[in-house]
> 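Sharing a structure with you now.
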Amino acid sequence: MATDDSKIGINTRLAHSGNNPRDYFGFVNPPVVHASTVLYPDAAAMASRSQKYTYGTRGTPTMDALTLAVDALEGSAGTIAVPSGLAAVTVPLLTFVSAGDHLLIVDSVYHPTRNFADTMLKRLGVEVEYYDPRIGAGIARLIKPNTTVVFTESPGSNTYEVQDIPAIAKAAHAAGAIVMMDNTWATPLYFKPLDHGVDISIQAATKYPAGHSDVLLGTVSANEACWKKLYEGFCTLGCCSGPDDVYQVLRGLRTMGVRLEHHQKSALDIARWLEEQPGVAEVLHPALPSHPDHTLWKRDFCGSSGVFSIVLNGGGQKQQHAFLDALKIFGLGYSWGGYESLAVPVFLGDRTIAKGSYAGPLIRLQIGLEDVEDLKADIQRGLKAAAEA
């Protein structure tokens, strides 16, 4: 039975939020509505658009089932679903920034977000500036009279710096700017952006919500103050998702809690083990006490996901590639959040501030749902190959 009771457990909420089976003759899952045209009963209704659904781009029962479920997790006034995680970044930015505006973006941001800002937004007349992920309340020094948006991502992409989101939000709001956050790493299960002062929460639902590496989708959730403008921007851009993709993400959402718990447990086991392995100079995982932002992570987050990076102890691209090429279980592929483990080389050459000082090359690991001992054995193959390269 569907319920929106905020006091129930997270897995119960994941299993039952978004739709009521009684609305669909008792069927547990909502129908997949393939829609463009929606018919009106008469000309007056058509002129006033006085019905819930008016056209396929503006929502369907399938879309509502997913977005209402996400609202229940985020505590948001409304959510849109768009065709990819990157679209979940670009749609709100295009909606809330204009020519002549100043946009602040964390320097440890997801690379396609940086690319969009440095190409399209700059071409459209937006002033883009990057800031140190550990700036905290000091971001007030960078805010200008024309700053309209502060774009955050925490932990940072690939290097996992944790931002002081409440302090950043307080400074931004004092200057009249809104705060967006890419919260794909933690999901709203382990960090609820809107509860920490963020106005717009972004997720690549491709990752943990979908969970099976077979669908692309993004969600954007807004507080009451920003929801109307976000929805209008979404409708104006016509950037809607296909019903089959929406349904697959809704299906994945039902098991996200138990999957994410397994990802977390396995990743922490492997991360702790890696700290003791020869050939590893550093493990970049904010849930480890050794991480410089661990205290901040512990203050604001209630869990961690399955993605982190390691720093090899010396060497360069040759050692990095040797590690990757020796792997047999970890696949070499971008994205994460699926059931399978993945590894990718980390490139930091596009950064302007958060370059870091690392003892060797970085490798990002996505810990999947496989048995931990098998993954450790695979990583040992990689470390041995790197040492011999």
> Determine the minimum heavy-atom distance between Thr62 and Pro243, stating which atoms define it.
CG2-O, 3.9 Å
> Quick one: do Glu388 and Lys384 make a salt bridge, cutoff under 4.0 Å?
yes
> Do you know the tightest heavy-atom contact between Asp378 and Leu327?
O-CD2, 3.4 Å
> Give me the atom names and distance for the closest heavy-atom approach of His102 to Leu142.
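Scanning both residues completely, I find the closest heavy atoms to be CE1-O, 3.4 Å.
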> Answer yes when Lys355 and Asp107 have at least one side-chain N-carboxylate O distance shorter than 4.0 Å, and no when they do not.
no
> Find out whether the Lys NZ or Arg CZ of Arg58 is both under 6.0 angstrom from the six-membered ring centre of Tyr53 and within 45° of the ring's axis.
no
> Give a yes or no on this: more than 12 heavy atoms of other residues, nucleotides or ligands lie within 6.0 Å of atom CD of Gln277.
yes
> Does a salt bridge link Lys376 with Glu373, judged by any charged N lying under 4.0 Å from a carboxylate O?
yes
> What is the ring orientation for Tyr339 with His212, classed by angle as parallel under 30°, tilted 30 to 60°, or perpendicular over 60°?
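If you compare the ring of Tyr339 with that of His212, the planes turn out tilted.
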> Is Arg351 paired with Glu161 through a side-chain N to carboxylate O contact shorter than 4.0 Å?
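Salt bridge flag = yes for Arg351 with Glu161.
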> Below 4.0 angstrom, N of the basic side chain to O of the carboxylate: do Glu127 and Lys122 qualify?
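Looking at Glu127 and Lys122, the cut-off is not met.
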> Between Lys52 and Asp64, does any side-chain N to carboxylate O distance fall below 4.0 Å?
yes
